[in-house]
Amino acid sequence: VQLQASGGGVVRAGDSLKLSCAATGRTFSDSTMGWFRQAPGKDREFVAAIDYNGHTYYADSVTGRFTISRDGYYNAVYLQMNNLKAEDTAIYHCATPSSSFSVSDYYAVRIQQNYAFWGQGTLVTVSS
């Protein structure tokens, strides 16, 4: 299983950015996919997830601004980020659990230890 995140960049506050995560190694339409981020000097935190049923979950800090989606045909997951803020500056990682059809409730998708495979991350810098 390999995950490749891309789409990061330097933007201004209020701008939009769309991150992509290309996945290989299994049928990811059957898998929960998550986005996490790590800001400088801070712990990695949950951002958003989409489970194998298509249910979406968001951190309170991004609800209403970020949208997670998936493309089963291309085995990819996306994170559309609108109205970006300086506090969104971080390295964004996509991740997936070790098994398909696993990790699919409000609490489980937020736990990093439930994700076995991680992408290398893509840097998002938002200037104020």
From [atom1] ([X]) to [atom2] ([Y]), nearest 0.5 Å:
X: S29; Y: I50; atom1: OG; atom2: CD1; answer: 10.5 Å
X: M33; Y: C94; atom1: CE; atom2: SG; answer: 5.5 Å
X: K18; Y: T67; atom1: NZ; atom2: OG1; answer: 10.0 Å
X: S61; Y: K85; atom1: OG; atom2: NZ; answer: 8.5 Å

With a 4.5 Å limit on heavy-atom distance, are the side chains of [X] and [Y] in contact?
X: L17; Y: L84; value: yes
X: T122; Y: L19; value: yes
X: S100; Y: F28; value: no
X: V1; Y: T96; value: yes
X: H55; Y: S104; value: no

Over-ring placement of R110 relative to Y107, 6.0 Å and 45° cut-offs: no
Mark yes or no for whether [X], through its side chain, and [Y], through its backbone, hold a donor-acceptor pair below 3.5 Å.
X: T32; Y: V103; answer: yes
X: Q120; Y: A5; answer: yes
X: S102; Y: S98; answer: no

Smallest separation among heavy atoms of L3 and C21, with atom names: CB-SG, 4.0 Å
F36: ring pair (Phe, Tyr, Trp, His ring centres under 6.0 Å) partners, not counting sequence neighbours: F46, Y115, W118
Side-chain cluster (under 4.5 Å, hydrophobic types only) that Y52 belongs to, other residues: F101
V11 and T125: CA distance, side-chain angles, deciding distance, side chain to side chain contact (heavy atoms under 4.5 Å, CB included) verdict: CA-CA 6 Å; V11 296; T125 302; over 6 Å; no
Sequence neighbours excluded - salt bridge (charged side-chain N to carboxylate O under 4.0 Å, His left out) pairs with any residue from residues 53-75: R65-D88
Partner residues of S127 under the side chain to side chain contact (heavy atoms under 4.5 Å, CB included) criterion, sequence neighbours left out: R12
Quiz: residues 76-83 side-chain donor-acceptor pairs under 3.5 angstrom, not counting sequence neighbours:
{"residue": "Q80", "atom": "NE2", "partner": "N82", "partner atom": "OD1", "Å": "2.9"}
{"residue": "N82", "atom": "OD1", "partner": "S16", "partner atom": "OG", "Å": "2.9"}

For E45, all residues meeting salt bridge (Lys or Arg N to Asp or Glu O under 4.0 Å), sequence neighbours excluded: R37
D105 versus Y57, side-chain donor and acceptor atoms under 3.5 Å: no
Cluster link F117 to I91, ILVMFWY, side chain under 4.5 Å: no
Over 12 non-hydrogen atoms of neighbours within 6.0 angstrom of CG in D43: no
Positive for side-chain contact (heavy atoms from CB on, under 4.5 Å) with Y58, one of V109, I68, V47: I68
